[in-house]
Number of protein chains: 2
Amino acid sequence: MDAHPAAGKALNIHQLRTVCSSCSLRELCLPMGLSRAEIEQLDQLVYTRRRIKRGETLYRAGDAFGSLYAIRTGFFKTDVILEDGRDQVTGFHMPGEILGMDGIGTEAHACNAHALEDGEVCVIPFARLEEVSREVRNLQHQFHKVMSREIVRDQGVMMLLGTMRAEERLAAFLLNLSQRFVARGYSPSEFHLRMTREEIGSYLGLKLETVSRIFSKFQDQGLIAVQQKHIRILDTDGLRQLLAYREV
Amino acid sequence: MDAHPAAGKALNIHQLRTVCSSCSLRELCLPMGLSRAEIEQLDQLVYTRRRIKRGETLYRAGDAFGSLYAIRTGFFKTDVILEDGRDQVTGFHMPGEILGMDGIGTEAHACNAHALEDGEVCVIPFARLEEVSREVRNLQHQFHKVMSREIVRDQGVMMLLGTMRAEERLAAFLLNLSQRFVARGYSPSEFHLRMTREEIGSYLGLKLETVSRIFSKFQDQGLIAVQQKHIRILDTDGLRQLLAYREV
DNA sequence: CGAGACCGTTGATCCAGGTCAACACGCCGC
DNA sequence: GCGGCGTGTTGACCTGGATCAACGGTCTCG
């Protein structure tokens, strides 16, 4: 801690830490592809952060929609719950990803977003985002891309749920996580699962016992090493072949 | 046919038929909620139509993305195909719905869009849409809502594929179609399925035999009357209860 | 209007994954 | 350090829907 910060420069350390232009995730998040000047315009609208503790919700289905949230740190899940209690995890979300776009259409959130570990999000007031993106062409386009990619991601999940067998689903899940960890500078082959077997199962349309069994099977086959939530991928190609493999 | 159209007024019958402001779907489609003046600005960018014959594709996965498409007439399906040939129908689409948003993120389409019957779409050049929506606040917002609703729709499909049993899936499917037909002024209880059992199965993550069997079962139970592709819903509440019904 | 290709239905059988049950292993607070 | 609870593993068994197979209906196009 600087006892005597140089005047001016250090004045806004807190703000500096808060803005997109100095954020280490800017290459993954909404500012992706924007120029320095454009990111500075983004800075003007993203000035609030929110800390979420593990187990807490960022928003719930039915909550009035007002903002999007960019994940800064922590791991989140989104889910939808039916009246009868069945729930479907619709996604796991990492730093740099945007949450809350489900709320735009109806002014109310359609799903629940939970923190799987303590984390922090940047609050992006949506009306302001629309305002600024009317002026910053690239921001507008970038935001459209983010939404579009969410639609494509969802199609991938449908494919997984609709056509794949249990082993393929798990393999696809692990490879997808691995890829996303790499993009964030983490190891592609060794990571900590923040979610339970039940949550993985819900996401993949499987029961927790099945998830557990297949992890054990993959371990027996030398594809991965599992120790509770700690996963090490030993044979990426082997996992890939599980996906590619088809009788004909 | 007017042999002697009144001068002036009839000059642009073709154009009149082409613009959003005189389109009967404007309450469902992109112009939803826009003022007369705003819709006229939309007219300036939507001036091309494209006819698609049954069985033809509107676009294919990998095609360069340039435009969105608003369905004017006809029934479409979108699907994703894996290298090994398995395919997943990701949606069935009716007049007033927007196709192509999957392409924005990567500049290339991520799925295939096929016409299930002869139809016509309005071509919406995407760069122009972004341009105009930078000027027309409500158009911008409306477009964001359309994308958001697509995301929410996808979450519904995930729920269906991930947590529902075969009968529930079919019941949900029929109720969803019924609802969308009503919104378009058609009968809620009697309609023609444009897709095959196999396509329904693909969408619902079931095999065509299962779809066929459950249709027969629903018929035996007096819930619906099926004759090939012609469906009559006899007991809407009965179908709803299939969804609501849970052991606890 | 007749042949052939789809498309849909139904029956018999099979099996992937669900269900139920027991137990093991952290991890927490006391 | 101990009891209890949430989480994960594994086994035995069951079942919903897949698979395989046969056949009937209907749309299409020459």
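As a basis for the values below, the full set of heavy atoms in this structure was taken, side chains included, without hydrogen atoms, waters or symmetry mates. First the proteins, then the strands, lettered A, B, ... as listed; each starts at 1.
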- Message: Looking at B:Arg165 and C:dG18, is any side-chain donor or acceptor paired with a base atom of the opposite kind under 3.5 Å?
- Response: no

- In numerical order, the residues of residues 217-235 of chain A whose heavy atoms come under 4.0 Å of DNA chain D are A:Gln228, A:Lys229

- Query: When all nucleic acid strands are considered with a 4.0 Å heavy-atom cut-off, which category describes B:Gly201: base, sugar-phosphate, or nothing?
  - Reply: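 It contacts nothing in the nucleic acid.
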
- Message: Using a heavy-atom cut-off of 4.0 Å across all strands, would you classify B:Arg54 as base, sugar-phosphate, or nothing?
- Response: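 Sugar-phosphate only.
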
- Message: With nearest nucleotide decided by heavy atoms, which residue, A:Leu208 or B:Leu208, maps closer to the 5′ end of DNA chain D?
- Response: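 Its nearest nucleotide being more 5', the pick is A:Leu208.
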
- Aromatic ring pairing B:His109/B:Tyr59, orientation class (parallel under 30°, perpendicular over 60°, tilted between):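 Judged by the thresholds at 30° and 60°, the geometry between B:His109 and B:Tyr59 is parallel.
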
- Query: Is the CD atom of B:Gln219 crowded by more than 12 outside heavy atoms at less than 6.0 Å?
  - Reply: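 Counting neighbours around CD of B:Gln219, more than 12 heavy atoms of other residues, nucleotides or ligands fall under 6.0 Å, so yes.
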
Has [X] got a side-chain atom pairing as donor or acceptor with [Y]'s backbone, closer than 3.5 angstrom?
X        : Y        : result
B:Arg86  : A:Thr163 : yes
B:Ser202 : B:Asp87  : yes
B:Arg197 : B:Gln228 : yes
A:Thr57  : A:Arg60  : no
A:Arg194 : A:Phe75  : no

- Query: Rounding to a whole Å, what distance do you find between A:Arg169:CZ and C:dG17:C1'?
  - Reply: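 Taking atom C1' of C:dG17 as the reference, CZ of A:Arg169 is at 10 Å.
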
- Task: Rounded to the nearest angstrom, tell me the gap between atom CD in B:Glu198 and atom P in C:dT9.
- Result: 14 Å

- Task: Find which nucleotide of DNA chain C each of B:Ser212 and A:Glu209 is nearest to by heavy atoms, and output the residue with the more 5' nucleotide.
- Result: B:Ser212

- Item | Passing option when A:Glu97 is tested against A:Arg72, A:Arg153, A:Arg149, A:Arg180 for salt bridge (charged side-chain N to carboxylate O under 4.0 Å, His left out) | A:Arg180

- Note on the structure: Note: chain B reaches DNA chain D at heavy-atom distances under 4.0 Å over the stretch, first to last nt, 5' to 3', of D:dG17 to D:dT28

